[in-house]
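Note sheet for the following structure.
Both backbone and side-chain heavy atoms feed into the values below; hydrogens, waters and symmetry mates do not.
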Number of protein chains: 2
Amino acid sequence: MDAMGRTTPPTLTGLTTYLLSRTGKAARGALAARLARRGLRLWHMAVLAALADFGPHAQRELSTRLGIDPSDVVKVVDELAAPGYVERSRDPADRRRVRVALTPSGRAALAELNDAAQEVGGAVLAPLDAREQATLHALLSRVYAGIEESSTP
Amino acid sequence: MDAMGRTTPPTLTGLTTYLLSRTGKAARGALAARLARRGLRLWHMAVLAALADFGPHAQRELSTRLGIDPSDVVKVVDELAAPGYVERSRDPADRRRVRVALTPSGRAALAELNDAAQEVGGAVLAPLDAREQATLHALLSRVYAGIEESSTP
DNA sequence: TCCCATCATGGGTGCGCACCCATCATTTGT
DNA sequence: ACAAATGATGGGTGCGCACCCATGATGGGA
């Protein structure tokens, strides 16, 4: 009797925005679940990645780079400093600024998080073969670039 | 001086999950903004679409089809019934069930929402040409299918 | 030197979303 | 006929995220 099944309405699946939103949420959720094991959230990983890729930042720089509210940066950095993943130090040149730097332990943690993320990616993208995953990544990169550009004019 | 710019850390952009999560959130946000103009949220559109595509549902059916908590279905339907987009009626065969049906006004509203969604899609996917948008859609469809399947065993 | 801009910090708000539980009406199975 | 299962409803919770404002410390320009 459940002939109409559990199928998602075609009106929705026909919308690329809908698919993006859904798959994105799934990806986000899976990733967040992995991070939660270590008591971290997505922003924590983003901050660690920024520090690893670009070296130490003042908190304000983290804010503009990642698009987080400066006020929230404080809290995220707090939570990263507690387990010793990052270190705060005052910038001697400009003593208002707090320089945030990655510790070795933070770098190691990031590596693990990255592995976890790769795993999650593998699971989510399982229906696609390697070639297709690559094209998906390429297309998404361009869409992402477009978004970044339009949000930071 | 801001030589390191506002670039997103490559460690993140290298992760397809991250790109999915971000672009998905952007898509979701843009869509939600459009719906908000009419005082609706994403679930409202999903329910309207389900009714349009598959005809009237009992609320429980909406719950299982869309993966919303039964308790939340009640509230969403409440909000759709207020402007007269849907109508509730007791199923005469099983008087526990409440049959939810789309009204003409609801169908019209859905059409408008659908147009809005297409617009949003066009904006988000602007960096891609038509052919690329099509392949992106196809790839995402398969990923989405994989997700649905693994979440409903 | 003084005023204003900048930065970090802490505290608080509101929204959306996912969940859970208790209750009541009704149907189904025994 | 009665107990158990099902469906709808209302009320409440917690989390993540995005914001906003006030305060105190510091730096830089008039």
With respect to the phosphate group of [N], does any side-chain polar atom (N or O) of [X] fall under 4.0 Å of OP1 or OP2?
| X | N | result |
| --- | --- | --- |
| A:R88 | C:dT9 | yes |
| B:W43 | C:dG16 | no |
| B:R41 | C:dC17 | yes |
| A:K75 | D:dC19 | no |
| A:R96 | D:dA25 | no |

What is the distance, to the nearest angstrom, from the [atom1] atom on [X] to the [atom2] atom on [N]?
| X | N | atom1 | atom2 | value |
| --- | --- | --- | --- | --- |
| A:L66 | D:dC19 | CG | C1' | 17 Å |
| A:L62 | C:dC7 | CG | P | 13 Å |
| A:L35 | D:dC17 | CG | C1' | 15 Å |
| A:D91 | D:dT26 | CG | P | 13 Å |
| B:E61 | D:dT6 | CD | C1' | 13 Å |
| A:K25 | D:dG16 | NZ | C1' | 11 Å |
| A:Q59 | D:dA25 | CD | P | 17 Å |
| A:R97 | C:dT9 | CZ | C1' | 16 Å |

TODO: Between A:R28 and A:D69, name the one whose nearest nucleotide on DNA chain D is closer to the 5' end.
DONE: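 Closer to the 5' end of DNA chain D: A:R28.
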
Open item on the list: If you assign A:G67 and B:D94 each to the DNA chain D nucleotide with the nearest heavy atom, which residue ends up on the more 5' nucleotide?
Closed with: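 Taking each residue's closest nucleotide, the earlier one in sequence belongs to B:D94.
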
Task: Check: B:I68 main-chain N/O paired with B:S63 side-chain donor or acceptor under 3.5 Å - done: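 Yes; judged by distance alone, with no hydrogens or angles, the pair exists.
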
Open item on the list: Treating B:Q133 as the side-chain partner and B:L125 as the backbone partner, does any N or O pair qualify as donor plus acceptor under 3.5 Å?
Closed with: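 Such a contact is found between B:Q133 side chain and B:L125 backbone.
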
TODO: Pick out which of B:T7, B:T11, B:T13 makes a side-chain hydrogen bond (donor to acceptor under 3.5 Å, both in side chains) with A:D53.
DONE: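 Option passing the side-chain hydrogen bond (donor to acceptor under 3.5 Å, both in side chains) with A:D53: B:T11.
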
- [ ] Return the nearest nucleotide to the side chain of B:R60; candidates are D:dA8, C:dA18, C:dT9.
- [x]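 The answer is D:dA8, which lies nearest to the side chain.
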
Open item on the list: Measuring from the side chain of A:R95 (C-beta onward, heavy atoms only), which nucleotide among D:dG10, D:dG27, D:dC20 has the closest atom?
Closed with: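 So the side chain of A:R95 is nearest to D:dG27.
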
Open item on the list: Please determine whether a side-chain nitrogen of the Lys or Arg among A:D78 and A:K75 lies less than 4.0 Å from a carboxylate oxygen of the Asp or Glu.
Closed with: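 Judged by the 4.0 Å cut-off on N to carboxylate O distance, A:D78 and A:K75 do not form a salt bridge.
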
What's [X] touching, base or sugar-phosphate or nothing? Going by heavy atoms closer than 4.0 Å.
| X | answer |
| --- | --- |
| A:V98 | sugar-phosphate |
| A:L42 | sugar-phosphate |
| B:D72 | base |

Task: Criterion side-chain contact (heavy atoms from CB on, under 4.5 Å) against B:R97, the qualifying member of B:R90, B:Q59, B:H57, B:E61 - done: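 In the set B:R90, B:Q59, B:H57, B:E61, the residue that makes a side-chain contact (heavy atoms from CB on, under 4.5 Å) with B:R97 is B:E61.
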
- [ ] Would you kindly check whether a donor in the side chain of B:S71 faces an acceptor in the base of C:dC20, or vice versa, at under 3.5 angstrom?
- [x]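 Between C:dC20 and B:S71, which were checked side chain against base, a qualifying N/O pair under 3.5 Å is present.
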
Task: A:T8 versus B:Y144, side-chain donor and acceptor atoms under 3.5 Å - done: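 Present: a donor and an acceptor within the cut-off.
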
